Novice: 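Here you go, one structure.
Side chains included, hydrogens not; waters and symmetry mates left out as well; all remaining heavy atoms used. Note that ligands are numbered from 1 as they come in the structure, with each ligand's atoms numbered from 1 the same way. Please read these numbers as outputs of a predicted model, since none were measured by experiment.
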Amino acid sequence: MYWEQDVETMAREQLEALQLKRLKATLERAALSPFYGRLFAESAFNPSDVKSLEDLKALPTTTKDDLREGWPYGFLAVPREELVRMHSSSGTTGRATVIFHTRHDIEAWTNLMARCMYMTGMRRSDVFQNMMTYGLFTGGLGFHYGAERIGALVIPAGAGNSKRQIQLMRDFETTVIHIIPSYALHLSTVFGELNLDPRDTKVRMAYLGAEPHSENMRRKIEEIYGFKGYNSYGLSEMNGPGVAFECPHQSGLHIWEDSFFVEILDPVTLNPVPEGAEGELVMTTLNREGMPIIRYRTKDLTRIVPGQCPCGRTHRRIERIKGRTDDMLIIKGVNIFPIQIEKRLMGIPGVGKNFLIVLEREGYNDTMTVKVEVEKEFFDGDLKNLERLRRHIVEELKSDILITPRVDLVGPGTLPQTEGKARRVMDNRKE
Ligand code: ADP
Ligand code: ZN
């Protein structure tokens with residue numbers, strides 16, 4: 001059940017010794033890059049002085065803006081000839097960042113991906129349909145290489161084209177898929193349009209990643225398709241997918257600490273939070289040659305899950321990501337994350353597969369309207385039912401976010417749907 005038992009179940013002490021060894025090598029290498037070379041010189045930091053993992057905290061964090069300023073080659077620690085691959089982020093929050101890999105880096109990433117998928121039970125006999133964008137986005141090639149490494153048959157389907165996806169799934173008896181959660185719900189509607197049952201396929205598990213989603217959303221997807229869904233987390237700056245992944249226990253995501261040094265910091269003070277408290281995930285690459293990144297601020301909020309996982313892996317688990325620090329909405333002085341709304345909605349029977357949060361300014365007040373797709377039975381002419389559901393949704397949301405949102409119910413498939421990461425918020429407030 002382990003891809004690399006020795007690494008996955010390594011005793012903490014040994015794992016930390018490995019981290020320290022790799023950290024030192026990473027810092028030595030990073031010193032060769034223009035960005036870190038300058039940073040180390042400015043802060044009189046000498047990589048050879050590092051004696052413990054704690055010593056890393058003497059260095060400042062690296063941000064997405066640093067990466068943008070270092071565009072395109074400012075973080076390279078090797079000559080250009082040693083690079084074999086480039087990827088970029090999706091550009092969800094501004095200009096995309098680019099990441100470069102040597103042959104070693106691609107090899108190490110592929111191995112991590114194989115480790116993740118093997119952990120959930122993927123084997124040579126599986127047929128794996130990768131419904132992610134290929135190209136610069138990391139979710140395509142990252143998973144592709146990992147599944148090939150295991151020896152599964154890979155269908156590089158790419159994103160979108162729902163009817164063809166369904167056809168491929170049926171014709172080639174796909175057993176495992178990789179899909180964006182919001183798209184998984186959309187795809188199930190297309191099954192319906194074709195008069196097909198999403199449960200009537202050979203797919204037994206799905207890797208759900210690339211965007212925040214709640215436990216309720218996962219359960220809903222699992223229920224609709226009758227498969228097991230595993231949360232997959234990563235970001236291009238740390239290769240892409242393969243950073244943290246759920247094991248069969250589905251109770252937090254094992255974060256691969258042989259490859260990433262993990263810190264959870266208070267996003268305001270940048271001090272470490274107490275073990276188990278929520279904060280921003282900050283990571284340092286420990287096994288990357290081409291473009292080492294030190295103390296990278298992911299902006300993703302999570303916490304360390306306390307205790308040991310029954311699966312025997314010693315790499316710590318993070319809780320599913322709550323969202324990015326930038327995702328936080330402040331409405332009437334209350335802080336709200338879109339995932340809180342998603343979680344409530346996905347737990348309410350009758351609610352459909354999509355929603356949108358619309359923010360507007362009226363005078364000096366900000367207002368929030370939640371547009372919610374509901375199942376078509378509710379549009380059978382009995383307005384009382386619809387109104388009852390609407391009130392119920394308002395109450396549910398209010399109990400979580402503490403303000404009373406406007407709720408508009410709309411028909412299935414009427415809200416904008418992307419093939420990539422869902423856009424949950426439409427902000428119409430003027431600056
Ligand atoms: P961008 O940062 O431009 O979206 P990436 O494609 O590298 O570019 O996306 C990485 C980001 O996607 C992560 O930092 C995180 O915010 C989000 N993400 C990826 N996987 C998950 C997941 N399983 N749960 C929540 N958020 C995720
Ligand atoms: Zn586990």
Novice: Nearest protein heavy-atom contact for atom 6 (O) of ligand 1: which residue, which atom, what distance?
Specialist: Ser90 OG, 2.6 Å
Novice: Does a salt bridge link Arg424 with Asp327, judged by any charged N lying under 4.0 Å from a carboxylate O?
Specialist: no
Novice: Do the side chains of Arg68 and Asp65 get close enough for a salt bridge, i.e. N-O under 4.0 angstrom?
Specialist: yes
Novice: Look at Lys202 together with Glu173 and state whether they make a salt bridge at an N to O cut-off of under 4.0 Å.
Specialist: yes
Novice: How does Ala96 reach ligand 1, if at all, at less than 4.0 Å between non-hydrogen atoms: by side chain, backbone, both, or neither?
Specialist: neither
Novice: Under 2.8 Å from the Zn ion (ligand 2), which protein N/O/S atoms are there?
Specialist: Cys247 SG, His254 NE2, Cys309 SG, Cys311 SG
Novice: Phe75 and Tyr36: aromatic ring centres closer than 6.0 Å?
Specialist: yes
Novice: Before accepting this row, confirm whether a basic side-chain N of the pair Glu246/Arg317 lies closer than 4.0 Å to the acidic partner's carboxylate O.
Specialist: no
Novice: Which bit of Asn231 gets closer than 4.0 Å to ligand 1, counting heavy atoms only: side chain, backbone, both or neither?
Specialist: side chain
Novice: Which protein heavy atom lies closest to atom 3 (O) of ligand 1, and at what distance to 0.1 Å?
Specialist: Gly91 N, 2.7 Å
Novice: Quick check: are there more than 12 heavy atoms from other residues, nucleotides or ligands sitting under 6.0 Å from NZ of Lys228?
Specialist: yes
Novice: Who's the nearest protein heavy-atom neighbour of atom 20 (N) of ligand 1, and how far?
Specialist: Ala210 N, 3.1 Å
Novice: Measure the distance from atom 4 (O) of ligand 1 to every protein heavy atom, then report the residue, atom name and distance (to 0.1 Å) of the closest one.
Specialist: Thr92 OG1, 2.4 Å
Novice: Considering only the protein, which heavy-atom contact is closest to atom 7 (O) of ligand 1, and what is its distance?
Specialist: Ser236 N, 2.8 Å
Novice: Look at atom 14 (O) of ligand 1 and find which of Leu136, Thr93, Asp300 reaches it with the closest heavy atom.
Specialist: Asp300
Novice: Look at atom 12 (O) of ligand 1 and say which protein heavy atom is nearest, naming residue and atom and giving the distance to 0.1 Å.
Specialist: Lys421 NZ, 3.0 Å
Novice: Could you check, using the six-membered ring where one of them is a Trp, whether Tyr134 and His144 have ring centers closer than 6.0 angstrom?
Specialist: yes
Novice: Do the side chains of Arg115 and Glu4 get close enough for a salt bridge, i.e. N-O under 4.0 angstrom?
Specialist: yes
Novice: Could you tell me if any non-hydrogen atom of Lys64 lies under 4.0 Å from any atom of ligand 1?
Specialist: yes
